[in-house]
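Small disclaimer: the values here were computed from a predicted structure and weren't measured.
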Amino acid sequence: ANTSYSMFTVKSKVKDDRKSPQISPSVIFLSLLMLVLFKKHSLLKLDQFMRTKQAKRFIGRDKKVAVSDSTIPRSLSTYHLNPLRSYLKTIYIKACHNGKCSVDVYGKRFRLACVDGSMFGKFYGCVLQSAGEANLLLDIEVTTGKGKEIPTTRTLLQRAFREYGGGFVDIFLLDALYADKQTINLILSHKSHVLIKTKETSLTIIKDADSLFRCW
């Protein structure tokens with residue numbers, strides 16, 4: 001119920017830069033939530049669903065102007081992201097309070113988050129997700145394309161630390177593609193640790209780690 005309340009609260013705060021739109025940003029916001037909730041998988045299927053009585057009743061909209069699959073991208077191209085980030089933060093804080101954002105590892109609880117790449121239609125971005133009993137999206141930073149992941153990851157992490165504070169996660173899980181010296185030091189300087197996945201067994205650091213593990 002609290003999450004539903006925050007969902008309908010945030011819809012009044014969302015904005016885009018269209019001039020005098022027939023379909024408000026709040027309706028776009030709710031329609032995209034419905035895309036996920038009702039597993040429509042594409043904007044075309046969402047368009048068709050939004051014309052049904054059930055969908056109109058859900059968002060409290062009885063106007064004849066449809067939320068079309070062409071209107072949604074026009075709105076999203078100028079959408080203001082800060083209200084959405086605030087909504088995600090509200091969900092995350094409530095989940096943490098309810099003990100849903102940690103993992104039990106041999107009797108000890110760890111707060112984990114992972115950074116990885118993801119495609120959103122034609123858009124490519126780096127995503128920050130909390131991993132636990134509930135896996136929650138915390139933020140995303142759009143990148144100009146593959147090969148630009150490392151600076152994009154740093155931008156994403158810097159914003160997360162400003163928003164949530166140092167040490168809000170115990171361990172960040174990174175693919176080797178998204179990690180370099182600066183990224184690792186950025187995380188360490190904010191009182192978190194790093195766990196990196198790589199298949200490059202020829203790297204010196206991997207050989208050193210293997211030697212340490214064998215001795216231990």
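Checking side-chain atoms of T153 against main-chain N and O of E149 turns up a donor-acceptor pair under 3.5 Å. Between the side chain of T90 and the backbone N or O of S86, at least one donor-acceptor pair lies under 3.5 Å. Proximity of a side-chain donor or acceptor of Y87 to a complementary backbone N or O of N82 within less than 3.5 Å is not detected. Formation of a donor-acceptor pair under 3.5 Å by the D47 side chain with backbone atoms of L43 is not found in this model. Under a 3.5 Å cut-off, the side chain of S192 and the backbone N or O of V169 do form a donor-acceptor pair. Within the 3.5 Å criterion, the main-chain N or O of P151 finds a donor-acceptor partner in the side chain of T155. Using modelled atom types, one side-chain atom of R109 and one backbone atom of S102 make a donor-acceptor pair closer than 3.5 Å. A donor-acceptor contact shorter than 3.5 Å links the side chain of R159 to the backbone of I140.
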Begin with the C-alpha distance, continue with both residues' side-chain angles, and end with the deciding distance and a verdict on side chain to side chain contact (heavy atoms under 4.5 Å, CB included) for I150 and T152. CA-CA 5 Å; I150 289 178; T152 304; over 6 Å; no
Run the numbers on D180 and R154 for salt bridge (charged side-chain N to carboxylate O under 4.0 Å, His left out), then give the verdict. CA-CA 10 Å; D180 65 352; R154 278 201 295 274; 3.0 Å; yes
Applying side chain to side chain contact (heavy atoms under 4.5 Å, CB included) to M34 and M50, what does each step give before you reach the verdict? CA-CA 9 Å; M34 293 172 72; M50 291 299 293; 3.9 Å; yes
Please evaluate residues I187 and L157 with respect to the criterion side chain to side chain contact (heavy atoms under 4.5 Å, CB included), reporting the C-alpha separation (whole Å), side-chain torsions for both, the decisive distance (0.1 Å), and the verdict. CA-CA 8 Å; I187 293 172; L157 289 170; 3.9 Å; yes
Working for side chain to side chain contact (heavy atoms under 4.5 Å, CB included), residues V142 and Y124: CA-CA 6 Å; V142 177; Y124 184 65; over 6 Å; no
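Residues L112 and D170 fail the side-chain proximity criterion, which asks for heavy atoms closer than 4.5 Å. Counting heavy atoms from C-beta on, the side chains of T78 and D16 come closer than 4.5 Å. Using a 4.5 Å heavy-atom threshold, the side chains of N135 and S130 count as separate. With contacts defined as side-chain heavy-atom distances shorter than 4.5 Å, the pair R18/P25 qualifies. Using a 4.5 Å heavy-atom cutoff, the side chains of L84 and V14 are in contact. In this structure the side chain of T71 reaches within 4.5 angstrom of the side chain of S68, judged on heavy atoms.
Residue L30 is grouped with residue L76 when hydrophobic side chains (ILVMFWY) are merged at heavy-atom distances under 4.5 angstrom, including chains of intermediate members. F168 and L188 fall within a single hydrophobic cluster, where Ile, Leu, Val, Met, Phe, Trp and Tyr side chains are chained together by heavy-atom contacts under 4.5 Å. By the criterion of side-chain heavy atoms lying less than 4.5 angstrom apart, applied directly or through intervening Ile, Leu, Val, Met, Phe, Trp or Tyr residues, I28 is not grouped with L44; the two fall into different hydrophobic clusters. Under the 4.5 Å side-chain heavy-atom criterion for grouping Ile, Leu, Val, Met, Phe, Trp and Tyr, Y79 is connected to V27 within one hydrophobic cluster. Both L81 and L33 sit in one connected hydrophobic cluster of ILVMFWY residues. Membership requires side-chain heavy atoms under 4.5 Å apart, directly or through other members.
Atom CZ of F49 is separated from atom NZ of K56 by 12.0 Å, given to the nearest 0.5 angstrom. L173 contributes atom CG, which lies 7.0 Å from atom CD1 of I171 (distance to the nearest 0.5 angstrom). In this structure, the separation between CG on L46 and CG on L32 is 6.5 Å, given to the nearest 0.5 Å. Of the inter-residue distances, the one linking Q129 atom CD with D139 atom CG reads 12.5 Å to the nearest 0.5 angstrom. Residue F29 holds its CZ atom at 11.5 Å from OG of S24, rounded to the nearest 0.5 Å. Between atom OG of residue S77 and atom CD1 of residue I72 there is a gap of 12.5 Å, rounded to the nearest 0.5 Å.
Nearest heavy-atom pair across C126 and L156 is O-CD2, 3.4 Å.
When hydrophobic residues (I, L, V, M, F, W, Y) are linked wherever their side-chain heavy atoms come within less than 4.5 Å, F213 remains an isolated member.
At a threshold of 4.0 Å, the pair K108-D104 does not count as salt-bridged, since none of the basic side-chain nitrogens sits closer than that to a carboxylate oxygen. Between E163 and R85, none of the side-chain N atoms (NZ, or NE/NH1/NH2) sits under 4.0 Å from a carboxylate O, so this pair counts as no salt bridge. A salt bridge does not link D69 with K45: every distance from a Lys NZ or Arg NE/NH1/NH2 to an Asp or Glu carboxylate oxygen is 4.0 Å or more.
H193 NE2: 12 or fewer foreign heavy atoms inside a 6.0 Å radius.
For F110 and F172, the ring centers are positioned 6.0 Å apart or more. Aromatic pair Y92/Y164: ring centres closer than 6.0 Å.
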Please tabulate, one pair per line, all N/O donor-acceptor pairs under 3.5 Å involving side-chain atoms of residues 195-209, not counting sequence neighbours.
from	atom 1	to	atom 2	distance (Å)
T198	OG1	E200	N	3.1

